[in-house]
> 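Below is the structure I would like to discuss, written out as structure tokens.
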Amino acid sequence: MKIYIFCMSLFFVFSTCTHLVENDWSVLLRQADMLSETAPDSAYILLQSIGNPEEMAESDFAYWCLISGKIYNWRTDPDKTFLPALYYEQASRYYMRCGTPEQKSYIRLHWGRAYQETGEYNKAMQIYVEALKDAKIWNENNVSGMICCYMGDVYHIQYYTDKSREKYRDAIDYFKLANNQRAIALTLTDIGFEYVFDKKPAEGLLCLLQADSIANLLQDESLVNVSLSLGTVYIELKEFVLAEMYLLRALQYADSKADSTIAYYSLSDVYIAAGDYDKAGEILETGTDSWTQDGVYYQLYLIEKGKRNYEQALVHLEAYQEAIDSTQMEQNKMHALEIEQKYNLEYAEHKRNMARLEAQRNFILFLILLILFSFTIILYQWMRRRKNKIIYEQREELSRVDAVISHISTQLQQERKILGEVQTSLQKANKEYDLNFSNQEERINSLKEELFDMKLEKITNVSAIGKKIRNITEKIASSGKSLSVTEWKMLVNLFRNTFPSLEALLWNPDSSFTESEVRSSLLAFFNLEAKQESRILNIEPLSVYKQRTRLRQKLQLDEGGSLFEYLKKYSMERE
């Protein structure tokens, strides 16, 4: 059973080892995730280094989509596009099975965002509603607030300004629960901008000033967004000095090209609205690196139109239209790229499905092999139990003999005690004492003899190893039947446990006995002939004679002295 459990455990370890081995994609994705907040552009470069993300494992592909959505808002590349909704749909299926509540909430947020970016607002809202419901259950307050913000953006695009502001206010409630002050400031900015969009700049100004107070405390990128929005409001209110002040502040704190572009656009609009066309031209030249091509032409058109240079204004307007057409062509190319990505993803999904079918076939084959293996194990267990039964019966017999030996040993101790008492009581009567002592000594020697015979019987006739030695020596032809190393160890342990008195003679660390001499000494208890002993030791009879001679010399025995009698006497004297 232990072997069976070990084999099964080994199989499951090997079957899961491919999931435990970390591939290069996993390492790269974790590096990108660590850079997502501090260096989103670097994280994007790492993600782009994966040439065919559709071919990644399902878990890695889902992780890749999650990080891509996470860094999208913070990327500064001008031509950035959101991943297709099909990507996030597949990633969502994986995370809904295996992800954490936070991962489930974020991936569906990005899924809805993908539909929103392509103008499929109904699909986006449907996903947002379901994602918000689950995020509330999971107490993912920060994600809930973000979902409400994007729902507000959808309502803004569809000109439902009241619903848009309502969703932004819901988002603020969630951000308060998550203690996300930065998100609160940005959402207040969205509400203020919504009032401006609804031709209510005065009401929007109150929200933006509240957001400005929070942003001033935080001193982070939210200060740029709030300043840009305040500049826009003050333009609507025609308070150009205040508008210029906030837009210059936004330009001062802007750390991305996108923020600088918006600030330069708005400043240019301030000076054009104020009629200061020369200053608007200066801003145009100052922010050359930040302007887009169509933006430059449109602002030049406004400036020339304000100066009443209509002919030059028309030239800039035509250039602006050409730039718009060029942008539209780029968008069409991106749409074609999106179709290609969709095909690649569907093809990769087909390959994964084929891999799953192959895995199922392999699993069925494994089950068949497992059944055959289990049958083999059961048969093996049955044979093992049968063998164990025989061993158990031998052990019972050994236990019985040990019990007899123990009983005799107890009697020996009692007789020794009686001997001591007799010695004390008969000190005054030497003649009677000597007679009783002699009788008692004979009794003790007789018990020692009987004890030795029982121990010898246990080893030579009752134990399994003793029986094997007898079987080998009794057979006429027994080549190749010598004892194994394990069986010699069993014989040594049996003698050491049964005749502990031999410990000082044979196994003393200071003893000069070799292992072969110890074995010859143990075989002496079996009273074997040289030819029989040679079978056990797997050596020539002549070598047995030589070994016995050396052993007698070490024990200082006469030429005809019996090694067995010497060991017997040695053992009995030390009982």
Side-chain angles (χ1 to χ4, degrees), residues 405 408-409 412-413 415-416 419-420 423 434 437-463 465-466 468-470 472-474 482-575:
I405 292 173
I408 296 173
S409 298
L412 178 61
Q413 294 297 327
E415 294 298 331
R416 284 176 176 172
L419 176 61
Q423 286 176 339
D434 291 337
F437 182 82
S438 177
N439 293 336
Q440 193 65 30
E441 190 172 72
E442 288 178 3
R443 174 64 178 163
I444 289 173
N445 290 334
S446 176
L447 288 172
K448 284 184 177 181
E449 186 78 20
E450 186 178 356
L451 177 61
F452 178 85
D453 291 339
M454 290 302 298
K455 289 183 177 181
L456 186 61
E457 176 72 9
K458 171 186 174 181
I459 293 176
T460 59
N461 294 325
V462 177
S463 67
I465 188 65
K468 182 172 182 178
I469 292 173
R470 290 295 181 192
I472 294 174
T473 57
E474 287 172 4
S482 61
L483 298 183
S484 65
V485 176
T486 302
E487 290 171 334
W488 275 115
K489 289 182 179 179
M490 290 172 58
L491 184 62
V492 168
N493 290 333
L494 185 58
F495 268 92
R496 295 180 78 167
N497 293 329
T498 308
F499 294 103
S501 56
L502 295 176
E503 186 78 22
L505 177 64
L506 300 179
W507 296 288
N508 190 336
D510 298 328
S511 174
S512 61
F513 282 82
T514 64
E515 184 177 359
S516 61
E517 291 172 347
V518 172
R519 291 180 178 180
S520 292
S521 300
L522 299 183
L523 292 176
F525 284 85
F526 291 83
N527 287 319
L528 303 175
E529 296 178 359
K531 187 175 182 180
Q532 292 174 321
E533 187 172 335
S534 67
R535 296 175 185 172
I536 301 299
L537 296 174
N538 199 18
I539 59 178
E540 296 296 328
L542 181 60
S543 299
V544 174
Y545 283 116
K546 291 180 180 180
Q547 190 162 274
R548 287 181 177 180
T549 301
R550 288 194 300 271
L551 193 54
R552 286 192 184 91
Q553 291 174 354
K554 285 189 177 181
L555 297 175
Q556 298 178 356
L557 294 177
D558 297 334
E559 182 64 23
S562 172
L563 180 60
F564 168 73
E565 292 297 329
Y566 176 86
L567 294 172
K568 177 180 178 181
K569 182 179 178 181
Y570 183 92
S571 174
M572 291 176 59
E573 286 177 353
R574 288 162 176 77
E575 282 293 335

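What you see is a predicted model, and the numbers here were worked out from it, not measured in a lab. Numbers here are sequence positions counted from 1.
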> Measure the shortest side-chain to side-chain distance between L483 and R519 over non-hydrogen atoms and say whether it is less than 4.5 angstrom.
no

> For the atom pair CD (Q413) and CG (L447), what is the distance rounded to the nearest 0.5 Å?
11.0 Å

> Within the structure provided, determine whether L555 and L505 are in side-chain contact (heavy-atom separation under 4.5 Å).
yes

> Using a 4.5 Å cut-off on heavy atoms from C-beta on, say whether the side chain of V544 contacts that of L528.
no

> Looking only at non-hydrogen atoms, find the nearest pair between I405 and K458 and report the distance.
CD1-CD, 4.1 Å

> How long is the straight-line distance from CZ of R496 back to OG of S501, given to the nearest 0.5 Å?
12.5 Å

> Where is the tightest heavy-atom contact between L451 and S409, given as atom of each residue plus distance?
CD1-OG, 3.7 Å

> Between F525 and T498, is any pair of side-chain heavy atoms under 4.5 Å apart?
no

> Kindly check if the number of other-residue, nucleotide or ligand heavy atoms within 6.0 Å of CD (E529) is above 12?
no

> At their closest point, which heavy atom of Y545 faces which heavy atom of A530, and how far apart are they?
CZ-CB, 3.5 Å

> Nearest 0.5 Å, please: how far is OG in S463 from NZ in K468?
12.0 Å

> Taking side chain to side chain contact (heavy atoms under 4.5 Å, CB included) as the criterion, tell me which of R550, E533, R548 meets it with S520.
E533

> Evaluate the side-chain proximity of Y570 to F499: yes if any heavy-atom separation is below 4.5 Å, no if none is.
no

> Run the numbers on L506 and F495 for side-chain contact (heavy atoms from CB on, under 4.5 Å), then give the verdict.
CA-CA 11 Å; L506 300 179; F495 268 92; over 6 Å; no

> Would you compute the distance between atom CD of Q440 and atom CZ of R416 and round it to the nearest 0.5 angstrom?
11.5 Å

> Which atom pair, heavy atoms only, marks the closest approach of S521 to F513?
OG-CE2, 4.4 Å

> Do T549 and Q553 have side chains that approach each other closer than 4.5 Å (heavy atoms only, starting at C-beta)?
yes

> What is the distance from atom CG of L523 to atom CD of Q532, rounded to the nearest 0.5 Å?
10.5 Å

> Any chance NZ of K531 has more than 12 other-residue heavy atoms, nucleotides or ligands included, within less than 6.0 Å?
no

> Please step through side-chain contact (heavy atoms from CB on, under 4.5 Å) for the pair T473 and F526, ending with a clear verdict.
CA-CA 10 Å; T473 57; F526 291 83; over 6 Å; no

> May I ask you to say whether E565 pairs ionically with K569, meaning some side-chain N is under 4.0 Å from a carboxylate O?
no

> Nearest 0.5 angstrom please: N461 CG to I469 CD1, how far?
11.0 Å

> Between S516 and T514, do the side chains contain a donor N or O and an acceptor N or O under 3.5 Å apart?
yes

> Taking all atoms of both residues into account, what is the closest heavy-atom pair of E450 and I408, and its distance?
OE2-CD1, 3.9 Å

> Can you check whether K448 reaches F452 side chain to side chain, under 4.5 Å on heavy atoms?
no

> Mind running side-chain contact (heavy atoms from CB on, under 4.5 Å) on E449 and N445 for me, showing each step along the way?
CA-CA 6 Å; E449 186 78 20; N445 290 334; over 6 Å; no

> Taking all non-hydrogen atoms of both residues, which atom of L567 and which atom of L502 are closest, and how far apart?
O-CD2, 4.3 Å

> Report, as yes or no, whether the 6.0 Å neighbourhood of atom CD on Q556 holds more than 12 heavy atoms from other residues, nucleotides or ligands.
no

> Is the closest side-chain heavy-atom distance between L522 and I459 below 4.5 Å?
no

